[in-house]
Amino acid sequence: MAIASQSPRAAATGLQELAMRHLWMHFSRMGSYGPGHEIPIIVRGDGCYVYDDHGNRYLDGLSALFCVNAGHGRTELGEAAARQVEELDFYTLWSYAHPGAIELAARIASLAPGDLNRVFFTSGGSEAVESALKLARNYHRVLGKGQKHKVIAREIAYHGTSLGALSATGITELRSQFEPLTPGGCHVPNTNVYRWPEDRHPLWAADAIEERIVFEGPETVAAVILEPVQNAGGCFVPPDGYFQRVREICDRHDVLMISDEVICAWGRLGHWFGCERFGYVPDIVTVAKALTSAYAPMGAVIAADRIAEPFMQGDASFAHGFTFAGHPVAAAVAMANLDVFESEDLCGHVLAKEAEFRQMLESLHDLPIVGDVRGAGFFQAIELVKDKETKAGFDDDEAEDLLRGYLSGELYSRGLICRADDRGDPVIQLAPPLIADSEQFEEIHDVLRGVLSDAWDRVRR
């Protein structure tokens, strides 16, 4: 059960009533809240844990949506923000610069692989992807190849919610409400190897990208966008050689390779950037979330020198930007966050502890409902099945009842925040703060074993 402790706010403050009346939460079925079903209100965080307005403690097994990599309650990050406000509260990057943005851009460039040296700041992940797609189009246009505008992405992949980013997102139910979308989004199979026939070639999905480029016409394709480990669908890892083959394909057809690392950068996979884990160097990287461990909103596009070069001459300009991008306070927080990463070697900690984390999840394979365990670093998923031998999954109604009717609420009531998701086959995703250790792994195991055992009993009834 969730562990109760003293709360800084009493439950009688009226927050529930105010939230019900005025707050519009994201990706939420607002009609499901009401008498007997409160909105979860998180009021405090400390390390790997958060606390609700009733004083209940929860292990944040999702790092507040893959964000708080350094853990909650880092007062040094707030102190860095306060110092920055005393010096310069805000100034825009529209034709001006300030020390925080300059120094952070240089630091990011020093950490990025290859010649990814030019940093274009945004306010978050969707903005970063949107900017990367516009940059890819514009790059080809200034080189006299304006017909190259399409983007190849993977099925079930999530790349953001703005109209341009949504054209790359491969989740039908997220797209259909807002169609017609920005033209040019094309999709290819992902790397859910668990669902592949045993005799399928390991680079089949990479070769499918080339087939789609050829089908569309290489002269019309601007970029391929891929996550190092695909989030939606449940932590799809690439087969060996996948990204090397994609790199070859992109080079062969004059197509830019975008590595969407809004989740996978900043230690999530045990490296500064997810592309380092799998040994490839893209033309563009998108980041956000854990750049500041989400203590302030910030994102960025990191471009290779050759991609930025056409915009660095004469009167050329990349006519794009956001008011708050590169905000001085966010930049100060990011610098302090990276200091924590370096002083505590959080990337090294993930590499040292990921085997233990994974082994804990693998130990759940004795449960009939556990079909597959997959992922990398502190980014793991469990795929749920009705039959382990045949890998038979759940139909839509069964998945709805299992995930939303039981698992999500039961995991939370037992003190674990994680993601129970059916964008694809039903999965449970786990991405704890990078400071998580054996104690948290054991706690996750105990909750998952109990809840999944009960879930199987529910399925069998």
Side-chain angles (χ1 to χ4, degrees), residues 44-45 63-112 116-132 134-135 160 162 261-262 265-267 272-273 284-303 305 307-309 311-313 315-344 346 433-434:
R44 184 165 68 90
S63 300
L65 205 60
F66 318 104
C67 290
V68 189
N69 284 14
H72 297 277
R74 295 274 190 177
T75 56
E76 61 266 44
L77 303 193
E79 290 163 359
R83 288 193 300 271
Q84 180 59 51
V85 170
E86 291 179 354
E87 182 176 317
L88 176 65
D89 47 9
F90 175 69
Y91 220 78
T92 180
L93 294 183
W94 292 50
S95 302
Y96 300 89
H98 56 78
I102 296 167
E103 292 165 3
L104 179 59
R107 189 169 185 178
I108 291 172
S110 74
L111 296 171
L116 291 156
N117 290 315
R118 188 66 68 165
V119 180
F120 184 95
F121 287 113
T122 68
S123 302
S126 288
E127 287 186 4
V129 170
E130 191 84 14
S131 301
K134 290 179 72 175
L135 175 58
S162 57
E261 307 205 11
V262 170
W266 314 121
W272 289 111
F273 296 93
I284 298 172
V285 174
T286 57
V287 298
K289 292 185 184 289
L291 173 56
T292 63
S293 282
Y295 283 56
M298 189 175 226
V301 174
I302 312 165
D305 288 332
I307 306 303
E309 192 271 339
F311 305 97
M312 303 297 154
Q313 303 178 20
D315 61 357
S317 171
F318 180 42
H320 175 66
F322 304 96
T323 299
F324 298 119
H327 196 293
V329 175
V333 171
M335 291 290 278
N337 180 57
L338 296 179
D339 288 344
V340 169
F341 271 68
E342 291 183 339
S343 65
E344 299 184 16
L346 293 186
L434 307 189

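Just so it is clear, the values below take in all heavy atoms, side chains as well, and ignore hydrogens, waters and symmetry mates.
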Self-check item: Partner set under side-chain contact (heavy atoms from CB on, under 4.5 Å) for Phe90, not counting sequence neighbours
Solution: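 Per chain and number, Phe90 pairs via side-chain contact (heavy atoms from CB on, under 4.5 Å) with Thr92, Thr323, Phe324, His327, Pro328.
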Backbone N or O of [Y] within a donor-acceptor pair of the [X] side chain at under 3.5 Å?
{"X": "Asn69", "Y": "Ser63", "answer": "no"}
{"X": "Thr292", "Y": "Pro297", "answer": "no"}
{"X": "Gln84", "Y": "Leu88", "answer": "yes"}
{"X": "Asn337", "Y": "Ala70", "answer": "no"}
{"X": "Tyr295", "Y": "Gly73", "answer": "yes"}

Going from [atom1] on [X] to [atom2] on [Y], what distance comes out if it is rounded to the nearest 0.5 angstrom?
{"X": "Phe66", "Y": "Lys289", "atom1": "CZ", "atom2": "NZ", "value": "7.0 Å"}
{"X": "Met312", "Y": "Arg118", "atom1": "CE", "atom2": "CZ", "value": "4.0 Å"}
{"X": "Ile108", "Y": "Asn117", "atom1": "CD1", "atom2": "CG", "value": "12.0 Å"}
{"X": "Leu104", "Y": "His98", "atom1": "CG", "atom2": "NE2", "value": "9.5 Å"}
{"X": "Phe322", "Y": "Glu127", "atom1": "CZ", "atom2": "CD", "value": "4.0 Å"}
{"X": "Leu346", "Y": "Ser293", "atom1": "CG", "atom2": "OG", "value": "8.0 Å"}

Quiz item: What's the verdict on side chain to side chain contact (heavy atoms under 4.5 Å, CB included) for Arg107 and Asp339, showing C-alpha distance, side-chain angles and the deciding distance?
Solution: CA-CA 11 Å; Arg107 189 169 185 178; Asp339 288 344; 2.8 Å; yes
Self-check item: With sequence neighbours excluded, residues passing side-chain hydrogen bond (donor to acceptor under 3.5 Å, both in side chains) with Thr286
Solution: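 By the side-chain hydrogen bond (donor to acceptor under 3.5 Å, both in side chains) rule, Thr286 matches Asp260.
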Taking all heavy atoms of [X] and all of [Y], pick out the closest pair and write down the distance.
{"X": "Ala101", "Y": "Ala331", "value": "N-CB, 4.1 Å"}
{"X": "Gly124", "Y": "Thr122", "value": "O-OG1, 2.9 Å"}
{"X": "Ser126", "Y": "Gly160", "value": "OG-CA, 3.2 Å"}
{"X": "Ser131", "Y": "His320", "value": "OG-NE2, 2.7 Å"}
{"X": "Ala109", "Y": "Val119", "value": "N-CG2, 4.5 Å"}
{"X": "Phe121", "Y": "Ala300", "value": "CD2-CB, 3.9 Å"}

Exercise. Using the side chain to side chain contact (heavy atoms under 4.5 Å, CB included) rule, take Phe318 and Leu135 through it: C-alpha gap first, then chi angles, then the decisive distance, then the call.
Key: CA-CA 8 Å; Phe318 180 42; Leu135 175 58; 3.8 Å; yes
Quiz item: Does the side chain to side chain contact (heavy atoms under 4.5 Å, CB included) test come out yes or no for Phe273 and Val287, once each step is laid out?
Solution: CA-CA 9 Å; Phe273 296 93; Val287 298; 4.0 Å; yes
Quiz item: Do other residues, nucleotides or ligands put more than 12 heavy atoms under 6.0 Å from Arg74 CZ?
Solution: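 Counting neighbours around CZ of Arg74, more than 12 heavy atoms of other residues, nucleotides or ligands fall under 6.0 Å, so yes.
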Exercise. Determine whether more than 12 heavy atoms belonging to other residues, nucleotides or ligands lie under 6.0 Å from atom CD of Glu87.
Key: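 Not buried by this count: 12 neighbours or fewer within 6.0 Å.
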Quiz item: So do the side chains of Ile284 and Ile307 get within less than 4.5 Å of each other, counting heavy atoms only?
Solution: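 The answer is yes, as the side chains (C-beta and beyond) meet within the 4.5 Å cut-off.
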Quiz prompt | Flag side-chain contact, heavy atom, 4.5 Å: Glu342 against Leu111 | solution =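 Sidechains of Leu111 and Glu342: in contact.
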Quiz item: Would Ser317 and Phe311 count as a side chain to side chain contact (heavy atoms under 4.5 Å, CB included) if you check the C-alpha gap in whole Å, the side-chain angles of each, and the deciding distance to 0.1 Å?
Solution: CA-CA 5 Å; Ser317 171; Phe311 305 97; over 6 Å; no
